[in-house]
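Following: one structure in structure tokens, then a few remarks.
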There are 2 protein chains.
Amino acid sequence: MLEESYKLLKEREIRITPQRKAILEILYDHRGEHLEIEDIHRMLSAGRGDTSRTGLATVYRAIELFQRVGLVYRLPMDNSPGRYEFIGPRAPDHHHLICLECGRVEEIDDRLVDGFKKRIMKAKGFTVSERPIKVYGYCRYCKKRP
Amino acid sequence: MLEESYKLLKEREIRITPQRKAILEILYDHRGEHLEIEDIHRMLSAGRGDTSRTGLATVYRAIELFQRVGLVYRLPMDNSPGRYEFIGPRAPDHHHLICLECGRVEEIDDRLVDGFKKRIMKAKGFTVSERPIKVYGYCRYCKKRP
DNA sequence: GTCATTGCAAACCCTTTGCAACTTC
DNA sequence: GAAGTTGCAAAGGGTTTGCAATGAC
């Protein structure tokens, strides 16, 4: 997965620096979590390689880059610092139903989501991004209110 | 709708000041739009009542208040200024397409979303919550990458 | 009269930018 | 060697806060 990510960067003629590598690795190692820039920076600083003096600005710049090429995605936070998550080079359709009661997470069938996307495209000319869709509600076990 | 909003505020023992009234009115008059704090402040300043000297901080504080009681809803913007929308005391379904490029926000037809919800229900027994659904992507004007 | 709210300005915090030194290809 | 990247520190922009004055109930 990381190798494929580097390959993607190469293809786009984006230079792979030790800092970028280190940042991507951290994101990768924390798949499923949602890291703040600060977290990443702290982890870099804690390391003892040559990347331990990576500046905050560099982290911001790398993350912004990864977002642009689709390797990383930013959770929409209200006013708090941004949180980022590794997605990987092959946008894995990764759509989830999240139960507000018990936290259970289920996958949504991609075809179902694709149909939805297509309808949006048709109705609005709006291209839905590849980022994972999250739908909140109540699972069959916790079903309570609508 | 506005009257009901005031009633809600009274019930919660929240003081209704001219500033709050004016702000809520502006939001109400622009239902369906997504105003920034700056917009609201500008509109207040443009008026010639006693609320024309309302401070920016007051707008922030009022909006935060309205959000807490559920009269107003904040669209999750990435790094750009927050955008707010009047929902009113009885929250209706309100689903959005959000452009990652320009921040443009469009409404999704409820029927489209309802179809999606129904399919999820059928496939997974999962009841989607009433909270607004947000779909990210690129609008017809910014359309670039998938 | 009491206690919340306002306006102002300063503080905050996350993020971006300018620039010289330094890497990557 | 050319062009992109880094680190640092300073600037930026939206939002929050402290506080005395003001206003709602």
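Because the structure is predicted, anything quoted here is derived from the model rather than measured. First the proteins, then the strands, lettered A, B, ... as listed; each starts at 1.
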From CG of B/Leu65 across to C1' of D/dT17 the rounded distance in Å is 17 Å
By nearest-nucleotide position on DNA chain D, the 5'-leaning member of B/Leu56 and B/Ile14 is B/Leu56
N-O pairing of A/Arg42 and A/Asp39 below 4.0 Å:
yes
Whole-Å distance, A/Arg12 CZ to D/dT5 P, equals 14 Å
Rounded to whole Å, the CZ-P distance (B/Arg83 to D/dT15) equals 11 Å
inquiry  = Classify B/Arg61 by what it touches in the nucleic acid, base, sugar-phosphate, or nothing, heavy-atom distance under 4.0 Å.
reply    = base
Quick check: are there more than 12 heavy atoms from other residues, nucleotides or ligands sitting under 6.0 Å from CD of A/Glu13?
no
Q) Donor-acceptor pair, B/Thr51 side chain versus B/Thr54 backbone, under 3.5 Å? A) no
Ranking D/dT6, D/dA24, D/dG14 by distance to the side chain of B/Pro81, first place goes to D/dG14
Separation of D/dT5 atom C1' from A/Ile16 atom CD1, nearest Å, is 13 Å
Chain A vs DNA chain C, heavy-atom contacts under 4.0 Å, first-to-last nucleotide span, 5' to 3', is C/dC14 to C/dC25
Note: B/Lys21-B/Glu25 ion pair, threshold 4.0 Å (strictly below) = no
What contact category does B/Gln19 fall into here, base, sugar-phosphate, or nothing, at under 4.0 angstrom with non-hydrogen atoms? sugar-phosphate
Rounded to the nearest 0.5 Å, the CD atom of A/Gln67 sits from the OH atom of A/Tyr73 at a distance of 10.5 Å
Contacts of A/Ile37 and B/Thr17 projected onto DNA chain C by closest heavy atom; the upstream (5') one is B/Thr17
Quick note, B/Arg15 side chain, CB onward, closest among D/dC25, D/dT5, D/dT6 is D/dC25
note: A/Glu13, atom CD; D/dT5, atom C1'; distance rounded to Å ~ 16 Å
Report task. Look at the rings of A/Tyr28 and A/Phe86 and say which category their plane angle falls in: under 30° parallel, 30 to 60° tilted, over 60° perpendicular. Result -> perpendicular
In whole angstroms, the gap separating P of D/dG4 from CG of A/Leu9 amounts to 16 Å
5'-most contact on DNA chain D (nearest-nucleotide basis), A/Thr51 vs B/Gly82, goes to A/Thr51
Across all chains, not counting sequence neighbours, the side-chain hydrogen bond (donor to acceptor under 3.5 Å, both in side chains) partners of A/Arg83 are A/Glu36
Whole-Å distance, B/Glu38 CD to D/dG12 P, equals 17 Å
A/Arg68 CZ to D/dG4 P, in whole Å, measures 13 Å
For a quick check of understanding: with a heavy-atom distance under 4.0 Å over all strands, which category does A/Ser80 fall into, base, sugar-phosphate or nothing? nothing
